[in-house]
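The structure appears right after this line, and notes come after that.
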Amino acid sequence: MIATAAPRNDWTLEEINALFALPFNDLLFQAQQVHRAHFDPNAVQVSTLLSIKTGACPEDCKYCPQSGHYTTQLEKEKLLEIEKVVEQAQAAKQAGASRFCMGAAWRSPRDKDLLVVEEMVRQVKALGLETCMTLGMVNDQQATRLAAAGLDYYNHNLDTSPDYYGEIITTRTYSDRLETLATVREAGMKVCSGGILGMGEGAQDRSALLQQLAKLSPHPESVPINMLVKVPGTPLENVEDLDPLEFIRAIAVARIMMPQSHVRLSAGREQMSESTQALAFLAGANSIFYGDKLLTTSNPQADRDRALFAKLGLHPETRETCESEAAQSERLAQQQLNQRAAELAVDASV
Ligand code: SAM
Ligand code: DTB
Ligand code: SF4
């Protein structure tokens, strides 16, 4: 396989299953080759999350502590005031985040909420941060308004395979999700979409989730791969753990299938060993959530992440170090020239 081949949207399940079935070392080697052909292998994009509206959600996602259908220890909170959000964004910037992601426990935003979140986007962006929001389903008009306010990314996850989806959520359909993703893309925002592993799905479901994500054209710029955080009170609280090595395989396959996307080692890091996280970076993950809280559950403390980065020789990706498309094509052209020169040298020596 050529590490620099153009991104594909037509991966078959057979091809994806064959990647999953590779010997672990071969899979990680291939993923690392693809990763190095497209990214600085030691740069990790750093985002910070904030829940801007917490709990009492009408949807019944079985993994989610914020669903109003389940009784969890969660403290519900109304839409935060703009100043509070900006304060948190400032702190995130100071701590080294380049993107600020705001999440709301809504099925979809109401128009009066939209006025407030538009202003949040403007003010957070004015701090020099990239902005991301995840507000549930959005229609054309709402997406256009968010894009006009300057929202860079919209996060909306497919969560799992089309087949397993009905076991996890009944209050909205897979096609609703695909429609929101198309609407976001159409409005000109960058797409962040991924899923959750460890929800009791089978290996085929993990392949089919990645197939659906890679069918999106262009691929989502950001692909969060979450390990389920099992929250007491949710229907999935006692589901069997997924083998961490299967999780790493999924990251490696995502990296190979969506070579130009940032693959985020997303929820679940608090419960993960440093070695598993290191393997995830080796498999091609190059984005994390940074800060001691995700939306409602905990994430590693910032100083632990700083220590992990130091141990692994990783550094936060800045907008300046995030390769521009022009720089990327220049580097790839140079790589091809080097490869050709090496081939000629071998020919000449025989
Ligand atoms: N309500 C909006 C929606 O669902 O589109 C946005 C917020 S929702 C909490 C964002 C994403 O968080 C979900 O799509 C899901 O992938 C992830 N998530 C929620 N609970 C999780 C959990 N317990 N473990 C891992 N990921 C989770
Ligand atoms: C994503 O894929 N994971 C983030 C973000 N997108 C919004 C959310 C993770 C939530 C984990 C459970 C919680 O903290 O409530
Ligand atoms: Fe609501 Fe989003 Fe949680 Fe589903 S994942 S229950 S839509 S907050």
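Quick note: numbers below take in every heavy atom, side chains included, and nothing from hydrogens, waters or symmetry partners. Order of appearance sets the numbers: ligands from 1, and atoms from 1 within every ligand.
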Taking only heavy atoms of [X] into account, list the atoms of ligand 1 that are under 4.0 Å away from them.
X: G136; value: 2 (C), 5 (O)
X: H156; value: 5 (O)
X: A104; value: 1 (N), 2 (C), 6 (C), 7 (C)

With a 4.0 Å cut-off on heavy atoms, is [X] touching ligand 2?
X: S266; result: yes
X: F289; result: yes
X: V229; result: no

Identity and separation of the nearest protein heavy atom to [atom]:
atom: atom 26 (N) of ligand 1; value: I196 CD1, 3.5 Å
atom: atom 12 (O) of ligand 1; value: N157 ND2, 4.5 Å
atom: atom 4 (Fe) of ligand 3; value: C61 SG, 2.3 Å

key: N/O separation below 3.5 Å, Q66 to ligand 2   = no
message = So for ligand 2, is T134 a polar contact partner (N or O within less than 3.5 Å, distance only)?
response = no
Would you say [X] and ligand 1 have an N/O pair spaced under 3.5 Å apart?
X: R177; value: no
X: D159; value: yes
X: N155; value: no
X: V229; value: yes
X: L295; value: no

query = Hey, looking at atom 9 (C) of ligand 2, which of S298, C132, A267, A105 has the closest heavy atom?
reply = A267
request  = From atom 3 (Fe) of ligand 3, work out which of P58, S67, C64, A105 has a heavy atom at the shortest distance.
outcome  = C64
inquiry  = Please determine whether any non-hydrogen atom of R172 lies less than 4.0 Å from an atom of ligand 3.
reply    = yes
ask   = Has R172 got any heavy atom lying under 4.0 angstrom from an atom of ligand 1?
value = yes
query = atom 4 (Fe) of ligand 3 to C57: any N/O/S contact under 2.8 Å?
reply = no
For ligand 1, the portion of T134 having any non-hydrogen atom under 4.0 Å away = both
ask   = What residue among P65, S67, C61 forms side-chain contact (heavy atoms from CB on, under 4.5 Å) with Y63?
value = C61
task = Would you mind telling me which of D60, D159, L236 makes a side-chain contact (heavy atoms from CB on, under 4.5 Å) with I168?
result = L236
task = Please check if any side-chain donor atom of Y290 sits under 3.5 Å from a side-chain acceptor atom of R306, or the reverse.
result = yes
request  = Select one of side chain, backbone, both or neither to describe which atoms of T297 lie under 4.0 Å from any atom of ligand 2, heavy atoms only.
outcome  = both
Minimum side-chain heavy-atom gap L178-L216 below 4.5 Å = yes
